[in-house]
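Working notes for the structure below.
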Amino acid sequence: MSVSDTPETLSVNETIKTKSRFLRGTLAEGLAVAESGAISDDDQQLIKFHGIYLQDDRDLRAERAKRKLDKAYSFMARLRVPGGVLSAPQYLAMDRLADERGNHTLRLTTRQSIQFHGVIKTNLRPALRQIDKVLLDTIAACGDVNRNVMCTPNEFAGAVYAQAEATARAISSHLLPHSHAWREIFIDDEKVTAEAEAEPVYGATYLPRKFKIAIAVPPQNDVDVFAHDLSYIAIVEDGRLVGYNVVVGGGMGATHGDAQTYPRVGDVIGFCRIAEAVAVAEAVVTAQRDFGNRSNRRRARLKYTIEDRGLAWFVAEVNKRLAVKLEPARPFAFSGNGDRMGWLTGDDGRHHLTLFIENGRVADIGDWRLKAALKEIAGTLDVSFIITPNQNLIIARADDAGRAAIEAILAAHGVRLRASVLREAAMACVALPTCALALTESERYLPGLITKLDALLAEHGLDKQAITVRMTGCPNGCARPYIAEIGFVGRNPGRYNLHLGGAHDGSRVAPLYREDADEAAILGILGALFADYAKAREQGETFGDFTVRRGVVAL
Ligand code: SRM
Ligand code: SF4
């Protein structure tokens, strides 16, 4: 609890957590009620800690309301996959799960995970049992705890990446809730006495708010290292990973019209050795546990704790909790925040394909049968799968014959390996029809807009120019739009706030350029800017830097 909080001012969620008996609430009872597809309001908050959200199909809301029907409820379940790495059998099991229990699609997320949408109540426990069977889970994929730990892939392509991935897994395990509630409610039915449980890192009321961690291996900033509560930048000297620069206080979420909330890029606060990375995570998490705002959930992320108390105070607080203090940060440089698309061959001669997957949606639509192709690859070849931080998928560890087979299978299913430069770097959040918070479309709208932007870029000979475009259906920032060079943030149906001037390496927040713009306004503004950029850009100048230099936006 923050020093200034009194029990009277605690948010409702704090009471729900306190009463939850380590995240149990009445979930077991609520899930057993067959008459309703939903669960109670309090349990809706608690089930998030188990990686699950209650949703409804918003496309059907109005029609069902007219017919006086209940909402079309279903659950979304999100995996915990540190660094996004899955074996082929695990991927196959997830593919089957989507068909048997979900909406026949897998949704790769911006945090290297997979979401299953459309899981109805009676399918929820069977779905989680299928997940458990292949040694995966959904524990802490949401809720006021540490979420899926991200890491620059690819652990199969080099020792530094493998070490970074090992750090991600170690941090993820260390910060995993100890409660047995997930297993008890969804898998085993075996009761563990809640009184006997303890949460050594979190305590009984967990964190004030969600907590996110990422590890970047320069020169790639594919994880958007400045967008998370806590991040690590791998420092490689003489070809060896020696430790990490530590970054704190990043976050994207904001609320329209509430100036107290805003996106923020994190601050680099020092360097730690590899062996200290887990201790640093615990120190930062427990400092936020003790001093984060438990009264106002809109101001409860670590970024606001740091803003309210000051960075120097926070660094001192973290150092107080560390046996080995942070050292001065070391030099690093990023080149961009996208994925390395296409084929890459590792030192051992194995091939790794980063396959473009538009907005992370794995599906079969007409002649484009991506889901079937990936299923065949997983079922017939000795490969691994890694979900990237930009919603794409790496098919890793293929030998020469495997590489040829992958290309043949994808081609036979109508799947092209690459797309335009703009499309490959673009990301949209899920938004409608499943996201309860969406103000407008995102995943279903961005592809068409990219086609129009591609045409504009081609008019000005800019079609090979790398520009980051991201879109979200509301200001929560799930596709990290505020650090894109062109960010669209949903405001009203068909209308977006346009942010410009983000850095190509994801290191600065893009200021708001135009509020509430419809498509015609967006195309007009960007068409004019592309024309100017084609004529007046300096050698090697990125679009984000150009809009700042030309005074289009002021930082
Ligand atoms: Fe997110 C809430 C989807 C990454 C900030 N996010 C949601 C919910 C669960 C809506 C809800 O609370 O009812 C969305 C579910 C939509 C659906 O139907 O599937 C949702 N978020 C997503 C995903 C699937 C977007 C995607 O297209 O990939 C991402 C899942 C990541 C994962 O695997 O864990 C996702 N969300 C992010 C990110 C990006 C990141 O973490 O790197 C952010 C911005 C970073 C940050 O947290 O600051 C993000 N999501 C939010 C917020 C705002 C948090 C805040 O501090 O204000 C919410 C709303 C909330 O927490 O109240 C939210
Ligand atoms: Fe939903 Fe908003 Fe996140 Fe998009 S940004 S998935 S609309 S919460």
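Whatever order the structure lists them in is the order used to number ligands and atoms, beginning at 1.
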Using distance only, find each side-chain donor-acceptor pair of residues 244-255 under 3.5 Å and give its atom names and separation, not counting sequence neighbours.
unit_1, atom_1, unit_2, atom_2, d
Y244, OH, T167, OG1, 2.6
N245, OD1, R330, N, 2.9
N245, ND2, R330, O, 2.7

Give every protein N, O or S atom lying under 2.8 Å from atom 1 (Fe) of ligand 2, naming each by residue and atom. C435 SG
Taking atom types as modelled and ignoring hydrogens, do the side chains of E358 and Q391 form a donor-acceptor contact shorter than 3.5 angstrom? no
When you look at R480 and D224, which way does the salt bridge (Lys or Arg N to Asp or Glu O under 4.0 Å) test go after all the steps? CA-CA 8 Å; R480 303 186 286 270; D224 278 322; 2.7 Å; yes
Which pair of heavy atoms, one from A98 and one from L106, lies closest together, and at what distance? CB-CG, 4.1 Å
Verify whether the ring centers belonging to Y206 and F49 lie closer than 6.0 Å. yes
Determine the interplanar angle of the Y91 and F385 rings, folded into 0 to 90°, and report it as parallel if under 30°, tilted if 30 to 60°, perpendicular if over 60°. parallel
Proximal protein residues to ligand 1, non-hydrogen atoms under 4.0 angstrom: Y53, Q55, M76, R78, R107, T109, T110, R111, S113, Q115, H117, R209, K210, K212, H228, G251, M252, G253, R301, Q391, A428, C429, V430, T434, C435, L437, N476, G477, C478, R480
Compute the centroid of each ring, for F186 and then for H50, and state whether the two points are separated by less than 6.0 Å. yes
Taking T354 for the side chain and R340 for the main chain, is one N or O donor matched with an acceptor at less than 3.5 Å? yes
With sequence neighbours left out, the residues meeting side chain to side chain contact (heavy atoms under 4.5 Å, CB included) with V85 are E155, F156, E165, R169, I386
Closer than 4.0 angstrom, basic N to acidic O: yes or no for D132 and R183? yes
For G477, the ligand 2 atoms whose distance to one of its heavy atoms is below 4.0 Å: 5 (S)
